[in-house]
Visitor: 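Input: one structure, supplied below.
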Amino acid sequence: MRKKLVAGNWKMHGSLAENAALLAAIKPALTGIEAAVCVPFPYLGQAQAALAGSSITWGAQNVSEQAKGAFTGEVSTSMLLDFGCKYVIVGHSERRSLYGESDALVASKYLAAQAAGLTPILCVGESLDERESGVTETVVARQLDAVIRVAGVASLAKAVVAYEPVWAIGTGKTATPEQAQAVHAYIRGKVATLDAGVAAQLIIQYGGSVKAANAAELMAQPDIDGGLIGGASLVADEFIAICRAAAK
Ligand code: 13P
């Protein structure tokens with residue numbers, strides 16, 4: 001049986017004081033429930049101190065594909081390990097579209113993360129234009145293939161995939177459970193053509209305007225194995241409710 005995993009993506013939000021309150025609220029409420037938070041780099045130490053020994057793990061939202069050196073402003077995998085990270089998000093659509101991250105760069109980051117022992121959360125998803133032009137599956141396949149080509153399909157046994165339709169991110173427009181399920185099933189089916197065992201175990205999260213009110217019906221879909229949560233992960237009661245809905 002695949003387990004479900006909900007991860008918060010705080011994006012560029014938070015402060016020491018806000019994070020302290022949020023972490024103090026979610027930690028006891030999620031005792032025994034596996035969940036994760038991906039926090040801004042400067043707060044990794046805070047997350048580590050607050051969450052060590054709990055069932056909540058933590059990670060980053062980006063990482064350099066380089067090991068070390070003269071790369072001003074970049075953060076390496078070994079730095080994330082220093083702060084006890086388990087996960088790192090790679091290929092979020094905001095990084096692809098706002099910072100020009102190509103499929104090839106995302107694949108390099110994915111490889112670097114895995115080589116270091118971090119679990120990459122690989123984001124894939126189509127824009128509204130792409131959905132309306134009927135190329136959702138083509139886009140998602142291209143994004144996945146870029147990673148499978150360099151890392152191999154077996155690498156997905158140590159990764160999480162997050163399907164995040166760009167048009168549903170931060171817009172309040174959630175994909176319907178049926179729309180999301182269809183793409184999740186496509187992703188699993190595509191991986192299954194290469195390795196059925198890896199496909200059966202692969203955690204495929206849904207992301208895009210997930211909130212407490214719509215979490216249960218999304219999580220009830222057979223190929224939705226949790227969520228990658230933006231805005232609602234900043235609100236303790238919302239995040240707790242989503243994690244509990246997934247754990248049911
Ligand atoms: P929202 O939940 O705010 O739509 O963001 C989704 C997301 O981008 C998570 O990575």
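We count ligands from 1, going down the list as the structure has it; atoms in each ligand are counted the same way. If you read the sequence from its start, that first residue is 1, and numbering goes on from there.
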Visitor: Does only the side chain of Asn9 get under 4.0 Å from ligand 1, or the backbone, or both, or neither? Count heavy atoms.
Guide: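 Side chain only.
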Visitor: Going by distance only, is there an N or O of His92 that falls short of 3.5 Å from an N or O of ligand 1?
Guide: yes
Visitor: Is any N or O atom of Ala232, backbone or side chain, closer than 3.5 Å to an N or O atom of ligand 1?
Guide: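 The answer is no, given that Ala232 and ligand 1 share no N or O pair closer than 3.5 Å.
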Visitor: Of all the heavy atoms in Ser93, does at least one lie under 4.0 Å from an atom in ligand 1?
Guide: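 Outside the 4.0 Å threshold, so no.
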Visitor: Heavy-atom contact check, 4.0 Å cutoff: does Gly208 meet ligand 1?
Guide: yes
Visitor: Ile89 and Asn9: which non-hydrogen atoms are nearest, and at how many Å?
Guide: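 It is CD1-CG, 3.7 Å.
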Visitor: What is the closest protein heavy atom to atom 3 (O) of ligand 1, and at what distance does it sit?
Guide: Gly231 N, 2.8 Å
Visitor: For Trp167, run the side chain to side chain contact (heavy atoms under 4.5 Å, CB included) check against Glu130, Glu132, Glu126 and tell me which one passes.
Guide: Glu126
Visitor: Tell me whether the rings of His184 and Tyr206 are parallel (<30°), tilted (30 to 60°) or perpendicular (>60°).
Guide: tilted
Visitor: Report yes if some N/O of Gly207 lies less than 3.5 Å from some N/O of ligand 1; otherwise report no.
Guide: no
Visitor: Distance to 0.1 Å, residue and atom name: give those for the protein heavy atom nearest to atom 4 (O) of ligand 1.
Guide: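 Going by distance alone, atom 4 (O) of ligand 1 is nearest to Gly170 N, 2.6 Å.
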Visitor: Indicate yes or no: at least one non-hydrogen side-chain atom of Met79 is less than 4.5 angstrom from one of Leu44.
Guide: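 With C-beta onward as the side chain, the pair stays apart.
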Visitor: Among all the protein's non-hydrogen atoms, which is closest to atom 2 (O) of ligand 1, and how far away is it?
Guide: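 Atom 2 (O) of ligand 1 sits closest to the protein heavy atom Gly230 N, 2.9 Å.
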Visitor: Is there a side-chain contact between Arg96 and Val166 (heavy atoms, below 4.5 Å)?
Guide: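 Counting from C-beta outward, Arg96 and Val166 never come under 4.5 Å.
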Visitor: Taking 4.0 angstrom as the limit and counting only heavy atoms of Ala168, give me the atoms of ligand 1 inside it, by number and element.
Guide: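 Matching atoms, with element in brackets: 4 (O).
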Visitor: Between Ser233 and ligand 1, which residue portion shows a heavy-atom distance shorter than 4.0 Å: side chain, backbone, both, or neither?
Guide: neither
Visitor: Is the closest side-chain heavy-atom distance between Val37 and Leu22 below 4.5 Å?
Guide: no
Visitor: Please list the nearest protein heavy atom to atom 9 (C) of ligand 1 with its residue and the distance rounded to 0.1 Å.
Guide: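 Among all protein heavy atoms, the one nearest atom 9 (C) of ligand 1 is Glu164 OE2, 2.8 Å.
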Visitor: Against ligand 1, does Lys11 come closer than 4.0 Å with any heavy atom?
Guide: yes
Visitor: With a 4.5 Å heavy-atom cut-off, do Leu105 and Tyr99 have their side chains touching?
Guide: no
Visitor: Going by atom type alone, with no hydrogens or angles, which donor-acceptor pairs under 3.5 Å involve a side-chain atom of residues 216-231 and a protein atom two or more places apart or on another chain?
Guide:
unit_1	atom_1	unit_2	atom_2	d
Gln221	NE2	Glu217	O	3.4
Asp223	OD1	Arg188	NE	2.6
Asp223	OD2	Gln181	NE2	2.7
Asp225	OD1	Arg2	NE	2.9
Asp225	OD1	Arg2	NH2	3.4
Asp225	OD2	Arg2	NE	3.3
Asp225	OD2	Arg188	NH2	2.7
Asp225	OD2	Ile204	N	2.9

Visitor: Do Trp10 and Asn19 touch side chain to side chain, with heavy atoms closer than 4.5 Å?
Guide: yes
